[in-house]
Asks: 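Here it is: the structure, laid out below.
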Protein chains: 2
Amino acid sequence: MQTALPAPAIRGYAEPVRRAPEVKVLGATRVLAKDEELFGEGDRAAFFYKVVSGAIRTSKLLSDGRRQISAFHLPGDIFGIEAGDEHRFSAEAVDEATVIAYRRCSLESFASQDGAFACQVVNAMMRSLERAQDHMMLLGRKSALEKIATFLLDLAERLGDDHVDLPMSRTDIADHLGITIETVSRTLTQLERQNIIELPAHRRSIQLTNKAALRRLDS
Amino acid sequence: MQTALPAPAIRGYAEPVRRAPEVKVLGATRVLAKDEELFGEGDRAAFFYKVVSGAIRTSKLLSDGRRQISAFHLPGDIFGIEAGDEHRFSAEAVDEATVIAYRRCSLESFASQDGAFACQVVNAMMRSLERAQDHMMLLGRKSALEKIATFLLDLAERLGDDHVDLPMSRTDIADHLGITIETVSRTLTQLERQNIIELPAHRRSIQLTNKAALRRLDS
DNA sequence: CGGGCCGTTGACTCTTGTCAATCGCGGTGG
DNA sequence: CCACCGCGATTGACAAGAGTCAACGGCCCG
């Protein structure tokens, strides 16, 4: 699906090294169907992952079912690294997706051998942390309108296109932004009425008609 | 606003740590007065830090002044590591505090030499990430009551005492939990009326009388 | 004694959540 | 081919949790 994208250069990840004889084959690719679970909260964290195509959501549940999606991981993103030996959140495919799985122990053993790879992983962690910190600001201090604006701009930037093809449902968006699907829907409609975005008939894509206005809302 | 403490408002860097001969001299200790800034959003990230005593808050501001405190760092915690060369949030002393500053370049250069230290730093980052993820759940999906319950239990655990001596103001708590000071105040009063906590006259400490009840509220 | 700061409380507002009805598309089977 | 069904999204009416604004209280400190 995302095949044609010139591998978001911003992220600067190398393609999985195939030739490079000095580096052993570290990862195995895995294809996931829509909503298929990659790992669950509490599973042994034997692997961590890199997204090749599609999107993965990582989330946590409260006992009564409330859900918080901590992040959507797009091609190039690394996720699922843990300090302990259990995954502390679950990961599912938002839509059909492909990932590369890396044995976790490789990380420790290769850390010294393959400095570049270790560095890449550490960088991925730092990027996750930065995203998490920005997202806390969003969750704790922004209004529904600001949340949606931030979300759309972020997605557009990461996908490198003003015509955002949403891989996720309204429910996913709501659970990521800490609001309800009704509020997501109402806010999008409101933005459409103000001619800031366009919502085509099949609701899974959004055209950002007026990015400047969105940025003004974004705080 | 620096409260007019008679103590020297600005204290420079002290001598490098002398004790702990097994650890190379990596850092310089620094003492901070209440509300003194350790670094600001956008400052060059030349150092990262470890808390020795007291508490440090790291926060971000929105253009209109809304603030989100991403974390309170207590003795032993490491914070301020960045992927880029700028700090992405600011750090201030909640109360009088002591930290050790580590040159950031030490990290890269010592990573190979001093595996143990590098490991400690990576672990600190992972712990930060875990905390951030838990906190996103709190910010996005918990009610004010649940937020306060979670906060009190977490603090009690980290400080290792059911009699929590709050180092921070109501404003700090509010900005950490994504609510207002009025809501913090009302919620604490409510918990007191239900005999779940006790609020002594000087409002900077809280006795957790009924932890079980708190845990039930915590979700 | 007076002022400032922090926290508490009350009255009211408003954003967002809840509940419920409806729409519209896509798939399926008659 | 078309009617039906189911699911996700939208919309409306209403409720409620939290925010806002304002007054007040207590404490520390000059």
Side-chain angles (χ1 to χ4, degrees), chain A residues 34-35 57 62 64-68 94-95 138-149 151-152 164-193 197-206 217 219, chain B residues 1-7 34-35 62 64-68 94-95 138-149 151-152 164-193 197-206 217 219:
Chain A
K34 180 173 154 69
D35 291 323
R57 61 172 177 258
L62 248 30
D64 63 357
R66 279 175 286 174
R67 184 177 67 153
Q68 177 65 45
V94 170
D95 207 339
L138 177 146
L139 291 170
R141 286 298 177 218
K142 292 189 180 177
S143 69
L145 191 56
E146 292 167 338
K147 286 176 178 182
I148 293 284
F151 176 71
L152 291 179
V164 181
D165 237 319
L166 294 176
M168 72 288 286
S169 68
R170 298 290 190 264
T171 304
D172 281 347
I173 298 175
D175 286 350
H176 183 49
L177 302 182
I179 51 183
T180 60
I181 53 170
E182 290 94 335
T183 301
V184 171
S185 194
R186 278 190 260 264
T187 307
L188 288 174
T189 307
Q190 180 189 341
L191 288 173
E192 188 181 32
R193 286 213 194 91
I197 62 173
E198 271 172 57
L199 297 168
H202 66 87
R203 274 31 240 283
R204 281 308 181 83
S205 79
I206 298 182
L217 292 176
S219 277
Chain B
M1 42 138 51
Q2 313 289 18
T3 353
L5 281 178
K34 181 172 152 69
D35 290 325
L62 249 30
D64 63 357
R66 278 174 287 174
R67 183 176 67 153
Q68 177 65 44
V94 170
D95 207 338
L138 177 147
L139 291 170
R141 286 298 179 218
K142 291 190 181 178
S143 69
L145 190 56
E146 291 166 339
K147 285 177 178 181
I148 293 284
F151 176 71
L152 292 178
V164 181
D165 237 319
L166 294 177
M168 71 289 285
S169 69
R170 297 290 190 263
T171 304
D172 281 349
I173 299 175
D175 286 349
H176 183 48
L177 302 183
I179 52 184
T180 60
I181 53 169
E182 291 94 335
T183 302
V184 171
S185 195
R186 278 190 258 264
T187 307
L188 288 174
T189 307
Q190 180 189 342
L191 288 173
E192 188 182 31
R193 286 213 192 93
I197 62 173
E198 271 170 56
L199 297 169
H202 66 88
R203 279 19 248 279
R204 280 309 181 82
S205 78
I206 298 181
L217 292 176
S219 280

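Quick note on labels: first sequence line is chain A, next is B, and so on, each numbered from 1. Keep in mind that what you see is a predicted model, and the values were worked out from it rather than measured.
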Asks: Rounded to whole Å, please give me the gap between CD1 in A:I179 and P in C:dG17.
Replies: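 Rounded to the whole Å, the gap is 7 Å.
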Asks: Taking CG from A:L199 and P from D:dG8, how many angstroms apart are they, rounded to a whole number?
Replies: 18 Å
Asks: In whole angstroms, how far is the P atom of C:dT9 from the CD1 atom of B:I181?
Replies: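 Those two atoms, CD1 and P, are 13 Å apart.
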Asks: So, does the side chain of B:R186 form a donor-acceptor pair with the base of C:dG10 at under 3.5 Å?
Replies: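 Result: at least one qualifying N/O pair found.
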Asks: D:dT11 C1' sits how many Å from A:R193 CZ, rounded?
Replies: 9 Å
Asks: Looking at NZ of A:K142 and CD of B:Q68, how far apart are the two atoms once the value is rounded to the nearest 0.5 Å?
Replies: 11.0 Å
Asks: Find the distance B:I148:CD1 to D:dA18:P and express it as a whole number of Å.
Replies: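 After rounding, the reported distance stands at 11 Å.
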Asks: Whole Å only: how far is the CZ atom of B:R170 from the P atom of D:dG25?
Replies: 19 Å
Asks: Classify the nucleic acid contact of A:S169 as base, sugar-phosphate or nothing, counting any heavy atom under 4.0 Å across all strands shown.
Replies: sugar-phosphate
Asks: Using a strict threshold of under 4.0 Å (side-chain N to carboxylate O), is an ion pair present between B:R204 and B:D165?
Replies: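 The answer is no: the pair does not qualify as a salt bridge.
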Asks: Regarding B:D175 and A:R141, does a basic nitrogen lie under 4.0 Å from an acidic carboxylate oxygen?
Replies: yes
Asks: Closest to the A:T183 side chain: C:dT8, D:dT10, C:dT16?
Replies: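 Within the option list, the nearest is C:dT16.
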Asks: Return the CG to CG distance between B:L152 and B:L191, rounded to the nearest 0.5 Å.
Replies: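 Nearest 0.5 Å value for the CG-CG distance: 7.0 Å.
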Asks: What nucleotide, of D:dG12, C:dT16, C:dT8, holds the atom closest to the side chain of A:E182?
Replies: D:dG12
Asks: Whole-Å distance between C:dT15 P and A:E146 CD?
Replies: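 After rounding, the gap between these two atoms is 12 Å.
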Asks: Give the rounded distance in Å between these two atoms: CG of A:L188 and P of D:dT11.
Replies: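 From A:L188 CG to D:dT11 P: 10 Å.
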Asks: Whether B:R204 contacts C:dG7 is assessed here as follows: a side-chain N or O lying under 4.0 Å from the phosphate OP1 or OP2. Is that the case?
Replies: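 Checking C:dG7 against B:R204, a side-chain N or O does come within under 4.0 Å of OP1 or OP2.
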Asks: Closest-nucleotide mapping onto DNA chain C: is A:H202 or A:T180 further toward the 5' terminus? I mean the 5' end.
Replies: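 First, find each residue's nearest nucleotide; the 5'-ward one identifies A:T180.
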Asks: Establish, from distance only, whether the side-chain atoms of A:R66 and B:S219 form a donor-acceptor pair under 3.5 Å.
Replies: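 A:R66 vs B:S219: donor-acceptor pair found between side chains.
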Asks: Quick one: on DNA chain D, does A:T189 or A:R141 contact a more 5' nucleotide (nearest heavy atom)?
Replies: A:T189
